Protein chains: 2
Amino acid sequence: MSGRHSGRPTLEQVAARAGVGRGTVSRVINGSPRVSEQAREAVERAIEELGYVPNQAARTLAGSRTDAVALVIPETEARLFAEPYFLDIIRGISAELGESDKQLLLTLVRSERERARFEQYLAAQRVDGVLLASVHADDPLPERVRELGLPVVLNGRRTADEPAAYVDSDNAGAGRAAVAHLAGRGRRRIATITGPLDMYVARARLDGYREGVAAAGLGVDELLVGTGDFTEEGGRRAMRELLDRAPDLDAVFAASDVMAAGARGVLREAGRRVPEDVALVGVDDSAVARLMDPPLTSVRQPIEEMGRTMARMLLRELAGAGEATADVRDAHQVLPTELVVRDSS
Amino acid sequence: MSGRHSGRPTLEQVAARAGVGRGTVSRVINGSPRVSEQAREAVERAIEELGYVPNQAARTLAGSRTDAVALVIPETEARLFAEPYFLDIIRGISAELGESDKQLLLTLVRSERERARFEQYLAAQRVDGVLLASVHADDPLPERVRELGLPVVLNGRRTADEPAAYVDSDNAGAGRAAVAHLAGRGRRRIATITGPLDMYVARARLDGYREGVAAAGLGVDELLVGTGDFTEEGGRRAMRELLDRAPDLDAVFAASDVMAAGARGVLREAGRRVPEDVALVGVDDSAVARLMDPPLTSVRQPIEEMGRTMARMLLRELAGAGEATADVRDAHQVLPTELVVRDSS
DNA sequence: GAACGGCGTGGGAGCGCTCCCATGATCCGT
DNA sequence: ACGGATCATGGGAGCGCTCCCACGCCGTTC
């Protein structure tokens, strides 16, 4: 066959063609300023002509930077949350990463075994940093990642005083806004359906609800607090219990759209009209909310923006390389939510 | 501790500790049979004790296998399709990949520019193969990937005689099943709302609809065919037109749940009851279908299974290494759909 | 005019692994 | 008992890149 022209061109071949040394080509590729204009042009031309693309494995091996970050999604959660959530997160992350030439390694963690394997991957130097979606209260993963010397950013926090870097939305604010809205429409017996209370996000929304009730001068009634689990069925169950315990309720703040959908079904079966008899507000502003009948008032989280912010934080830390983490405050971002009013309230 | 963390252990150190040569350690790691039981045990012990994890970059560089595959999702599509779709696809792929120690590189392609960049990545030897979600009719990407010498598997086909390997669901079957069901319930004027007709999936469902109508001995009436675009708004628009053109229709087969949801709203506004006046069937069996009022009858696609199958096909081709693609038939998988009957029909 | 500092440059020395070949030990048949 | 297979084994030779040091060459400076 014809010569050794098999395989892709290497940096060495580019150097030869451009009439310079390997070092110079490397400098051009990596945007070093210490290259003469002339040499740079020659190299760029050679790269163009040869269709050269640097071999990533070689770069990583020699330089120990991988140009990839991992996004970890615990599979169990993936089913609970309104599903579009993760897609939006991914979209935001991907958009931000795209601008910096980084790759996204997606890992769904289903079991302990897969988790262990994931830690292996981290140790295998496959990524420069880790993004973690929806961590549970007692999840040790963030610490494990740090021990491996990798920066990590969480989506949501595990506790109020989360030590790791995170991006969260203003969950308490969401609860307050929902209740204020309902109270503003004259509702006095406002109930809530919470998420699972071992998750910080659920607690925070409940706290916001309580603050909102107090702020409206209504006095908190624990009979009006029903516990759900972010699923439709959980929403049904909680709604039934609430109707039992507090048949005089005239509004419900459900901590997720999906639970609101479940609750809506129970209300219909109970002959309560929405919004005439019972006003309903959800959280997420998902497709479900728009398509419900009547369309559901919901507190929107800026999900895609959360993804972007996570990626941005991680990239900043990667760039800042030096251990000197500028300011812890930067590492804790809480994004605002927004009430979207529709016909259910 | 301070001090120079001598970094992670290398294969060489494992060899030293186990009292064998590098080659032997490498053989153990790669599961070669040509290793004595004794040596194997010694090496495994050393790996355990040192917490050794092979450096991926080095393996790739030396062996030119990357242990990663890319999943490409055109961003434009991501909005059109019922969103959970992609998450399910990802879930299936991830599950299958997890069992074979491969990593998933997720790439959302938003623009021509990002597409070009993606091709660069492929050329940079970052992945062993490519999975492509929802390709458009004229998408040249599959061919580009092949030119780079990488195997590719599509989700859905571009045309009826797609040359590339693909996994699709039985879209025509979905249309037939929906119509048969509606006809079975005594509906005679069955309309359809299609997807965008430049997509094969939309055409196939329409074909199935026509076949179903013919099979029921109803005679196809083009007035009953409305064109949508897989969005809720498109569904509304098509439904309005249908009501205009064929006010006597008594059933609608919408080619997606989301369009069905849009249509349902228009029907309500028009004072038509579902299912009494007009029966409604969608496709996807998504959360939207379950949460609609009344809950929507829908044709379910085995989305997660499609993901699994895609991954399996790609892995098989990667394993088969040799160019001898066994049988083209294996490369074209069409999975069955299933009608889920609810109250809307 | 000699000494000096800076800058662009070339290329050696690895990074940690797989591939593969040569080696010595073991086993077989005759 | 001996030549020839068979087998586990060690280790050299890269894979393609980045890092970094040493080398000229230039313009300054005193």
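Given the structure is predicted, the values throughout are model-derived calculations rather than measurements. By convention in this document, chain letters (A, B, ...) are assigned in the order of the sequence lines, proteins followed by strands, and residues within each chain are numbered from 1.
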Inset, instruction - With a 4.0 angstrom cut-off to heavy atoms of chain B, pull out the first and last contacting nucleotide of DNA chain D, in 5'-to-3' order. - result: dA8(D) to dG16(D)

Inset, instruction - Name every residue in residues 31-57 of chain A that has at least one heavy atom under 4.0 Å from any atom of DNA chain D, in order of residue number, or write none if there are no such residues. - result: Tyr52(A), Pro54(A), Asn55(A)

Legend entry - Lys/Arg N to Asp/Glu carboxylate O, Glu317(A) vs Arg146(A), below 4.0 Å: yes

Inset, instruction - Indicate yes or no: does Glu305(B) engage Arg312(B) in a salt bridge with an N to O separation below 4.0 Å. - result: yes

Legend entry - Shortest non-hydrogen contact between Asp139(B) and Arg158(B), atoms and distance: O-NH1, 2.7 Å

Legend entry - Pair Arg110(A) + Glu99(B), salt bridge at N-O below 4.0 Å: no

Inset, instruction - Mark yes when over 12 heavy atoms from residues, nucleotides or ligands other than Arg65(A) sit less than 6.0 Å from its CZ; otherwise mark no. - result: no

Inset, instruction - Please state how far atom CZ in Arg27(A) lies from atom C1' in dC7(C), giving the value in whole angstrom units. - result: 11 Å

Inset, instruction - Indicate, with a heavy-atom threshold strictly under 4.0 Å, whether Arg59(B) touches base, sugar-phosphate, or nothing. - result: sugar-phosphate

Legend entry - Euclidean distance, Lys102(B) NZ relative to Ile93(B) CD1, rounded to 0.5 Å: 14.5 Å

Inset, instruction - I would like to know whether Tyr166(A) and Arg157(A) meet side chain to side chain donor-acceptor pair (under 3.5 Å); could you show each step before the answer? - result: CA-CA 6 Å; Tyr166(A) 66 79; Arg157(A) 34 193 153 161; 3.2 Å; yes

Legend entry - Rounded distance (nearest 0.5 Å) linking atom CG of Leu132(A) with atom CG of Asn155(A): 9.0 Å

